[in-house]
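This report refers to the structure that appears directly beneath it.
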Amino acid sequence: MTMDSSERPEADQPSRPQNPRAYYQPILALDTRIVTGYEVLGRDCGASGARSLGAYFSHPGVSEKAKRELDAFIREQAVREHGRLGRTEKLFINLQPGWLSGGSSGSVDSSVLPMLKLLEQCKVDPSLICIEVTEEDFDGEIECLVGAVREFRRAGCSASPSTTSGAGSATWTGSRISSRICSRWI
């Protein structure tokens, strides 16, 4: 079978993950060394093991729509499992600032409400959720981002800047996001 040019993936574009799964990185309390929560990460799981989805999410050839859909799938998987198992540890969920601020729609409802409805549907206490705003570039309306964080907090979730270390942290620390909302996090 041959593919026509519209079906052929770009040579430098990563293929869509075949078996995406929520993976959980433990968050340890430094004083007690007890796991107090888990950061939700995405992995593509197959016969050869689990592969990070970082390259897929950071690749400029992957559409924002495809990234959002995959992210929502992984997030939903994690929240459903948390609710089904009756877990009491915190879940740390990374969201890009552009996604939180409603993206191109500019609507806070379009980014916040689906997550809050999912928490309610899965019977997950919002106080167990921490929304981590990632360090990606943000050129949207800062008030929409602040509004999204406010809505999550109003529902009982906490919010914080992503704790990613390295070069990205300098970007985060000096960003206009940081200057406007870091004092409002937790």
Side-chain angles (χ1 to χ4, degrees), residues 20-29 32 34-43 53 57 64-164 168-169 172-173 175-186:
R21 293 283 175 244
Y23 248 55
Y24 306 91
Q25 178 174 304
I27 308 291
L28 299 173
T32 63
I34 293 173
V35 174
T36 60
Y38 295 91
E39 180 174 13
V40 177
L41 305 172
R43 297 288 185 263
L53 295 175
F57 281 111
E64 284 301 308
K65 182 178 186 269
K67 291 176 188 179
R68 283 182 192 220
E69 287 172 355
L70 181 58
D71 182 71
F73 175 80
I74 291 167
R75 195 175 340 129
E76 180 175 339
Q77 195 178 65
V79 170
R80 287 191 185 285
E81 182 174 338
H82 211 67
R84 184 175 47 80
L85 297 174
R87 304 297 303 241
T88 58
E89 302 90 358
K90 274 187 112 56
L91 274 184
F92 294 79
I93 298 174
N94 294 311
L95 289 171
Q96 291 186 13
W99 300 357
L100 264 178
S101 65
S104 60
S105 74
S107 168
V108 171
D109 291 350
S110 70
S111 62
V112 176
L113 289 181
M115 181 65 167
L116 295 179
K117 286 179 183 174
L118 181 62
L119 294 176
E120 182 178 348
Q121 179 185 34
C122 296
K123 297 178 175 47
V124 173
D125 179 354
S127 70
L128 296 177
I129 303 298
C130 180
I131 302 300
E132 288 193 312
V133 181
T134 62
E135 299 171 341
E136 278 74 19
D137 288 336
F138 178 68
D139 59 0
E141 291 295 322
I142 195 72
E143 290 311 316
C144 286
L145 178 58
V146 170
V149 169
R150 187 179 305 118
E151 288 304 309
F152 275 116
R153 293 190 72 217
R154 187 174 291 144
C157 301
S158 56
S160 71
S162 175
T163 55
T164 302
S169 293
W172 177 252
T173 305
S175 75
R176 63 190 189 113
I177 298 171
S178 176
S179 65
R180 291 293 302 276
I181 60 179
C182 275
S183 62
R184 305 178 195 183
W185 287 127
I186 297 176

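Predicted, not measured: the structure shown is a model, and the values here were computed from it.
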Looking at [X] and [Y], would you say the former's side chain and the latter's main chain have a donor-acceptor pair under 3.5 Å?
X: Gln77; Y: Ala22; answer: yes
X: Lys90; Y: Ser127; answer: yes
X: His82; Y: Cys122; answer: no
X: Lys123; Y: Gly83; answer: no

Verdict with reasoning, Val40 to Ile74, per side chain to side chain contact (heavy atoms under 4.5 Å, CB included): CA-CA 8 Å; Val40 177; Ile74 291 167; 4.0 Å; yes
Criterion side chain to side chain donor-acceptor pair (under 3.5 Å) on Tyr24 and Glu81, from CA distance to verdict: CA-CA 11 Å; Tyr24 306 91; Glu81 182 174 338; 3.3 Å; yes
Compare every heavy atom of [Y] with every heavy atom of [X], then report the nearest pair and how far apart it is.
X: Glu89; Y: Val35; answer: CG-O, 4.5 Å
X: Val79; Y: Met115; answer: CG2-CE, 4.0 Å
X: Glu76; Y: Leu118; answer: CA-CD2, 3.5 Å

Nearest 0.5 Å, what's the [atom1]-[atom2] distance between [X] and [Y]?
X: Lys117; Y: Glu120; atom1: NZ; atom2: CD; result: 9.5 Å
X: Leu116; Y: Arg154; atom1: CG; atom2: CZ; result: 11.0 Å
X: Glu69; Y: Asp71; atom1: CD; atom2: CG; result: 11.0 Å
X: Phe152; Y: Ile93; atom1: CZ; atom2: CD1; result: 8.0 Å

Counting C-beta onward and ignoring hydrogens, is there a side-chain heavy-atom pair between [X] and [Y] closer than 4.5 Å?
X: Leu53; Y: Leu70; result: yes
X: Cys157; Y: Leu128; result: no
X: Arg153; Y: Arg150; result: no
X: Ser160; Y: Cys130; result: yes
X: Ile27; Y: Glu39; result: yes
X: Arg80; Y: Arg84; result: no

Asn94 vs Val133, side chain to side chain contact (heavy atoms under 4.5 Å, CB included): CA-CA, chis, key distance, verdict: CA-CA 6 Å; Asn94 294 311; Val133 181; over 6 Å; no
Worked verdict on Gln96 versus Arg68 for side chain to side chain donor-acceptor pair (under 3.5 Å): CA-CA 10 Å; Gln96 291 186 13; Arg68 283 182 192 220; over 6 Å; no
Glu64 with Lys67: basic N within carboxylate O range, under 4.0 Å: yes
Evaluation steps, side chain to side chain contact (heavy atoms under 4.5 Å, CB included), between Thr36 and Leu28: CA-CA 6 Å; Thr36 60; Leu28 299 173; over 6 Å; no
Residues Val124, Ile129; criterion side chain to side chain contact (heavy atoms under 4.5 Å, CB included); working and verdict: CA-CA 8 Å; Val124 173; Ile129 303 298; 4.1 Å; yes
